[in-house]
Each structure stands twice: as C-alpha cells, then as structure tokens.
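Beneath this line is the structure, given in structure tokens, with notes to follow.
Letters A, B, ... mirror the listed sequences (proteins, then strands); counts begin at 1.
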There are 2 protein chains.
Amino acid sequence: MALTIGEMGKATSTKIETIRYYEKIGLLPKPARTSSNYRDYGPAELGRLSFIRRSRDLGFSLDQVRALLGLSDDKSCDCAGIDRIANQHLLEVDRKIADLQALRRELKAVIDSCDGGTVEECRIVEALGPVASG
Amino acid sequence: MALTIGEMGKATSTKIETIRYYEKIGLLPKPARTSSNYRDYGPAELGRLSFIRRSRDLGFSLDQVRALLGLSDDKSCDCAGIDRIANQHLLEVDRKIADLQALRRELKAVIDSCDGGTVEECRIVEALGPVASG
DNA sequence: CTTGACCCTGTAGTTGCTACAGCCCCCATA
DNA sequence: TATGGGGGCTGTAGCAACTACAGGGTCAAG
C-alpha cells in the first residue's frame, strides 16, 4: 500500500508544499522514493501526518507537535508529559480568548462612540490618534 | 520641538527598529534629517505614530492601518469608510473568538478523555492520531 | 506523439516585526 | 586630547508556518 504525496495530501487535507515543508524541518521522515524519484509513503507516514494535522488544527505549534510526537513514540512512558503540553496549550488558548475579548470590548467602545458625520468629527479617528497637531 | 527616533519610541512604546520599519514600508513619511543624518521628527509624525500604534493595539493589520490613515487624512470626507473598516475588523475579531472557543472545547474534550497511565493507553495520543498502523 | 496531470528541486514571498553587524556621532570626564 | 558610553545610521538575516512560483521531469490516456 503505497501513497504518492498527492494522495497523502488529499487524505489529510494538506497541500503538497506543506508536506514537503514538514519533511524539510524534520517533522516527517524522508520517505522512500520510487525509481522515478517520487516520494513513496506508507501507512505509518500517513498516521504521522494525520497526527501533525490534527494537532495543528487544535492550535499546537510545530514545536509542540514535535514534542508530542517525540513523547508519543515512546509507548511505555507515562503520559504525564503529553498531558502537561496539552494543558499548557489550553492555558494559552484561554489567555488568547481573554485577550481578544478585552480587545473586542475596547474596539466596540471606539466604534460606538462614532455618530457619523465627517472624518473631522469622527470619534474613531479621535480615539485612535490621541496626539493632535499642536 | 524636534524629536529623535529614540524619543519617538519612548513616547509611543515602540522600538526604534519598528519605527524604521514603518518608514520603510511607507506607513511613516521619510522625516527630515539633522546635519549628522539623524532622523528629526515633529509633532505631526508623533501623532501619526501614535495612531498607528493604537490601531495595532486594537488588532488592525498594517494594511487596515494604512487604509485608516488614508481616510483620516481627508478631514472633509464622511467617516463611513472608517466605520466600515472598523466594523469589518470587529467581525474578524468575533470570528476569531468563536473559532478559539470551538477549538478550546475540542481541546478540553481531548484532555479530559485521558486518565493517565502509559502513552500506550493515552487517549490524547489516540485522539490526535486517528489512523493507526493498519 | 502529444496533452495534461502529476511530481521534482530550489528559492522567494507573506506578516510584523526583531536582532544583529559594522559603522558614525555626540557629550562628558580625566 | 583621549576615551567611554549611549545614542544613531544602513543593510541583512531571522522568526512562524506556510504558500507560490520557476523551470524542469514523469506518466497514463487518446
């Protein structure tokens, strides 16, 4: 059961260039090649790529993915390390949400302050540029 | 009242390199120079930089900032264009928050499924890599 | 035998900065 | 006058995580 890079891409909704990029940075191993130098993947590589993509979809950075892959390779270790990375990432996500919500409130206030009219009177512009010419 | 680039940076909490970068990409005009070729800023530039930084803090992209600056230069135009950009950005922020909240839910479910034990049995690993060696 | 879809390598672009390297300049102090 | 520290200058390279070419080779169908 061999897969071309295009089939790997379709199976995981990944662009070909991205797969080659993962190979280049060492997230995916260098695969076997056909006689015409095409990449030749097996199910293990497909699994690994699925893992990477799913992790990326959940917002893990490539460095975190690398760590997860390293930890998940060692089946007999306990999974505290994996848990730690995942929970740390959850905290980051929470922080990001909170930051965006704060930003949203501020942005909304700026927008709501504007009643229309000319740019001269626009409160948005005023709110953005605190220092007038003077 | 002339300012050096360092004073501009302090006044707006902006690194010197960032100010030069804004100049390079045309967000800030090329300033006057002193006899020893130092950048020589006035209050108008300080205002413009403040505007840029405040907009960036509110999450506008540099392209959006560029558009806002263009619109706000024309004081007699009505401010509908500015309103449009700001509201469009608000929508983007809302979308980002919703995306992150969905991601958070999924991540939490993955984490909660894990009871500890070895990596072999770890549900997080299982949830991340749907395709086993088959 | 040609057409079109696929694959190859390598490089440059994206966004918004940040970090040098290697230089110049200015002011104060010894 | 030397010299030391803190600015400033240009230009280039790096970060994340891809994406988009350019300029080729390969393969299956008609």
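Counting only residues at least two apart or in different chains, salt bridge (Lys or Arg N to Asp or Glu O under 4.0 Å) contacts with residues 63-73 of chain B comprise B:Arg48-B:Asp73, B:Asp63-B:Arg66. Evaluation of the salt bridge (Lys or Arg N to Asp or Glu O under 4.0 Å) test over residues 106-116 of chain B, restricted to residues two or more places apart or in two chains, returns A:Arg54-B:Glu106, B:Lys108-B:Asp112. The salt bridge (Lys or Arg N to Asp or Glu O under 4.0 Å) analysis of residues 20-33 of chain A, with sequence neighbours excluded, yields the pairs A:Glu23-A:Arg39.
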Can you build the contact string for nucleotides 1-12 of chain C? Use B for base contact, S for sugar-phosphate-only contact, and - for no protein heavy atom under 4.0 Å. -----BSSB-B-
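Applying the side chain to side chain donor-acceptor pair (under 3.5 Å) test to B:Thr34 and every residue at least two apart in sequence or in another chain returns B:Ser36. Residues passing the side chain to side chain contact (heavy atoms under 4.5 Å, CB included) test with B:Phe60 are A:Leu107, B:Ser55, B:Leu58, B:Gln64, B:Val65, B:Leu68, B:Ile85, B:Ala86, B:His89, sequence neighbours excluded. B:Gln88 is linked by a side chain to side chain donor-acceptor pair (under 3.5 Å) to B:Glu92, counting only residues two or more places apart in sequence or in another chain. Every side chain to side chain contact (heavy atoms under 4.5 Å, CB included) that A:Thr118 has, sequence neighbours left out, goes to A:Glu120, A:Glu121. Residues meeting the side chain to side chain contact (heavy atoms under 4.5 Å, CB included) test with B:Ser13, sequence neighbours left out: none.
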Extract all donor-acceptor atom pairs below 3.5 Å that involve side chains of residues 96-105 of chain A and protein atoms in other chains or at least two apart in sequence.
unit_1, atom_1, unit_2, atom_2, d
A:Arg104, NH1, B:Asp94, OD1, 2.4
A:Arg104, NH1, B:Asp94, OD2, 2.7

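Look at CG on B:Asp57: it is 14 Å from C1' on C:dC17, rounded to the nearest Å.
Side-chain nitrogen and oxygen atoms of B:Thr18 include at least one within less than 4.0 Å of the OP1 or OP2 phosphate oxygen of C:dT18.
In this structure, the side chain of A:Thr12 engages the main chain of A:Met8 through a donor-acceptor pair within 3.5 Å.
Residue-level contact check: B:Phe60 touches neither bases nor backbone, having no heavy atom under 4.0 Å from any strand.
When DNA chain D is scanned in the 5' to 3' direction for atoms under 4.0 Å from non-hydrogen atoms of chain A, the outermost contacting nucleotides are D:dA17 to D:dC27.
End-to-end axis angle of the helix from C:dC1-D:dG30 to C:dA30-D:dT1, using five pairs per end and rounding to 10°, comes to 30°.
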